[in-house]
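I have placed the structure first, in the form of structure tokens, so that the comments after it can refer back to it.
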Amino acid sequence: QVQLVESGGGSVQAGGSLRLSCAASKYTGSYSMAWFRQAPGKEREGIAGFDRDGVTTYTDSVKGRFTISKDNAKNTLYLQMNILKPEDTAMYYCAAVRAGGHDAGRLLRETIYNNWGQGTQVTVSS
């Protein structure tokens, strides 16, 4: 098991930016990781994934605005979020699984992950 702690959430106006961080208790180079989000009244959705073997993927609604990156030297996963919209308002979660070789579609399925953080809230006002 790996412990995951998200940070960087907050309130921002539409068009603004935030960078989320997910600090892991173990070497992230051994893990595939992803960001998920859950808005009130909606199901949790995968938005950006980073496979252990280097594949990255994004859900359509964030492509071109969000960038996922991983710094294995710091054991940290990041999500740079630009041009934020009110519909990006949600609780954002980091997830990890000690496995690799996932294709893009599989990376955004929450069922493959067995380690989750507590979440960080992002609120975007219009």
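All heavy atoms count here, side chains included; hydrogens, waters and symmetry mates do not.
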- Message: Counting C-beta onward and ignoring hydrogens, is there a side-chain heavy-atom pair between H102 and V97 closer than 4.5 Å?
- Response: yes

- Shortest non-hydrogen contact from Q121 toward A90: NE2-O, 3.3 Å

- When you measure from the centre of the six-membered ring of Y31, is the NZ or CZ of R52 under 6.0 Å away and within 45° of the axis? no

- Message: So V124 and Q13, do their side chains get closer than 4.5 Å, heavy atoms only?
- Response: no

- Message: How close do P86 and S126 get, counting heavy atoms only, and between which atoms?
- Response: CG-CB, 3.9 Å

- Message: For Q118, I'd like to know if atom CD has over 12 heavy atoms of other residues, nucleotides or ligands within 6.0 Å.
- Response: no

- Task: Answer yes when K63 and D60 have at least one side-chain N-carboxylate O distance shorter than 4.0 Å, and no when they do not.
- Result: yes

- Would you verify whether the NZ or CZ of R37 falls within 45 degrees of the ring axis of Y93 while also being under 6.0 Å from that six-membered ring's centre? no

- Compare every heavy atom of D53 with every heavy atom of G101, then report the nearest pair and how far apart it is. N-OD2, 2.9 Å

- Hey, are the side chains of D103 and V55 touching, using non-hydrogen atoms and a 4.5 Å cut-off? no

- Query: Does L79 reach the side chain of L18, with side-chain heavy atoms less than 4.5 Å apart?
  - Reply: no

- Query: Which pair of non-hydrogen atoms, one from Q80 and one from S17, has the smallest distance, and what is that distance?
  - Reply: NE2-CB, 4.0 Å

- Which is it for T76 and D71 under the side-chain hydrogen bond (donor to acceptor under 3.5 Å, both in side chains) test, yes or no, and what are the steps along the way? CA-CA 5 Å; T76 303; D71 187 337; over 6 Å; no

- Might you point out which heavy atoms bring L77 and C94 nearest each other, and give the distance in Å? CD2-SG, 4.0 Å

- Message: Just so I know, are the side chains of F66 and L84 near enough to count as touching, which here means a heavy-atom distance under 4.5 Å?
- Response: yes

- In this structure, OG1 of T111 is separated from OH of Y113 (nearest 0.5 Å) by 9.5 Å

- Task: State, yes or no, whether a side-chain contact exists between I68 and Y78 at a heavy-atom distance under 4.5 Å.
- Result: no

- Query: According to a 4.5 Å side-chain heavy-atom criterion applied to Ile, Leu, Val, Met, Phe, Trp and Tyr, with indirect links allowed, do L4 and V122 form part of one hydrophobic cluster?
  - Reply: yes

- What do you reckon, are the aromatic ring centroids of W35 and F50 less than 6.0 Å apart? no

- Task: Could you tell me which non-hydrogen atom of M81 sits nearest to which non-hydrogen atom of L20, and how far apart they are?
- Result: CE-CG, 3.7 Å

- pair R106-D51: side-chain heavy atoms closer than 4.5 Å: no

- Answer whether the closest heavy-atom distance between the side chains of K70 and N72 falls below 4.5 Å. yes

